[in-house]
Number of protein chains: 2
Amino acid sequence: MICQSYEPFFKTLADPTKLEIINLLSKGPLCVSIIAMKLGFEQSRVSHNLKALADLHFVTALRKGKERIYALDEKVVMPILKLIDQYVERYDKHMCKCKGIPWRRRA
Amino acid sequence: MICQSYEPFFKTLADPTKLEIINLLSKGPLCVSIIAMKLGFEQSRVSHNLKALADLHFVTALRKGKERIYALDEKVVMPILKLIDQYVERYDKHMCKCKGIPWRRRA
DNA sequence: AGGACATATGTTTTTCCAGTCATATGATTT
DNA sequence: AAATCATATGACTGGAAAAACATATGTCCT
């Protein structure tokens, strides 16, 4: 049976804002305001999106003073990146002019 | 770099209608009207969704008389199912009461 | 050719969600 | 404890996407 959870799982990955956050965090953990600054997003927007990411275990949070440091949960994110690679490898080579969001090179 | 193509790729997987179609087709190829009947969807709705699925290479179509038979492209879909399994295995065991869309059992 | 059936496609309507704005909570410092 | 900083959360809204609706295309049969 398909779990209800698949829908939010993939919806998250379909959202550019969340993908950009994932991408940024792939370089290392950061607090909310830094993420907001680096991406040029509003603080509340970042918080809302981080909450969604955390609900799905894409990221984890820990306190540090007043700040909250968010980090990727690699165990979840890496398989996703691998999946993307497989798909792109097979069908979207030509689309990889890769205008748009910056991203790591293939593993 | 993240490719633009990721967005439609995941958006497709976030859509219940498309997931239901994928699920149904996982049992075998079918024509449009049978899909519509089995899922209780309008024909145009099914066609629109199949088109989107075909554009992303999730399904393939072939003519058979006036009908069009749609089938999963297993090379694309299987890795996705595997990813879902990994994720569910890790975090969503408890959510697998699995009300909602019927789905295959784990491989 | 014309009619019937199967599917695709174009257009309108409706639904839903991401972002914004406003406010609340929580932590630190003085 | 009040002020300030960092983040979270609740309410609202505009825009996008999906479904419904209407029509076109294509195929088979007589």
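First the proteins, then the strands, lettered A, B, ... as listed; each starts at 1.
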Report task. State whether A/Arg68 places a side-chain N or O below 4.0 Å from either non-bridging phosphate oxygen (OP1 or OP2) of D/dA8. Result -> yes
Report task. Would you mind telling me which of D/dA20, C/dG19, C/dC21 lies closest to the side-chain atoms of B/Arg45? Result -> D/dA20
Query raised in the report: Looking at CD of A/Glu74 and CG of A/Leu25, how far apart are the two atoms once the value is rounded to the nearest 0.5 Å?
Result: 10.0 Å
Query raised in the report: At what distance, to the nearest 0.5 angstrom, does CZ of A/Phe41 lie from CG of A/Asn49?
Result: 8.0 Å
Report task. Describe the nucleic acid contact of B/Ser33 in one word from base, sugar-phosphate, nothing, applying a heavy-atom distance below 4.0 Å. Result -> sugar-phosphate
Requested in this report: Give one of base, sugar-phosphate or nothing for B/Glu67, where a contact means two heavy atoms less than 4.0 Å apart.
Outcome: sugar-phosphate
Requested in this report: Ignoring the backbone of A/Arg63, work out which of D/dG26, C/dA27, D/dA19 is nearest its side chain.
Outcome: C/dA27
Report summary line: Among D/dA17, D/dA6, C/dT7, the one nearest any side-chain atom of B/Lys11 is D/dA17
Query raised in the report: Of A/Lys64 and B/Leu50, whose closest DNA chain C nucleotide lies nearer the 5' terminus?
Result: B/Leu50
Query raised in the report: Looking at the side chain of A/Tyr70, which of D/dA8, C/dT7, C/dG19 is the nearest nucleotide?
Result: D/dA8
Query raised in the report: Counting side-chain heavy atoms from C-beta on, which of C/dT9, D/dG26, D/dT7 comes nearest to B/Ser47?
Result: C/dT9
Query raised in the report: Among the nucleotides C/dC21, D/dA19, C/dG19, which one has an atom lying closest to any side-chain atom of A/Asp15?
Result: C/dG19
Report task. Nearest-nucleotide wise, let me know which of B/His48 and A/Gly65 is further upstream toward the 5' end of DNA chain C. Result -> B/His48
Query raised in the report: Among the nucleotides D/dA8, C/dA8, C/dG19, which one has an atom lying closest to any side-chain atom of B/Gln43?
Result: C/dA8
Query raised in the report: So which nucleotide from C/dT28, D/dA19, C/dG19 ends up closest to the side chain of B/Asn49?
Result: D/dA19
**Report entry** Listed nucleotide nearest any side-chain atom of A/Ser44, set C/dA22, D/dA20, D/dA11
**Finding:** C/dA22
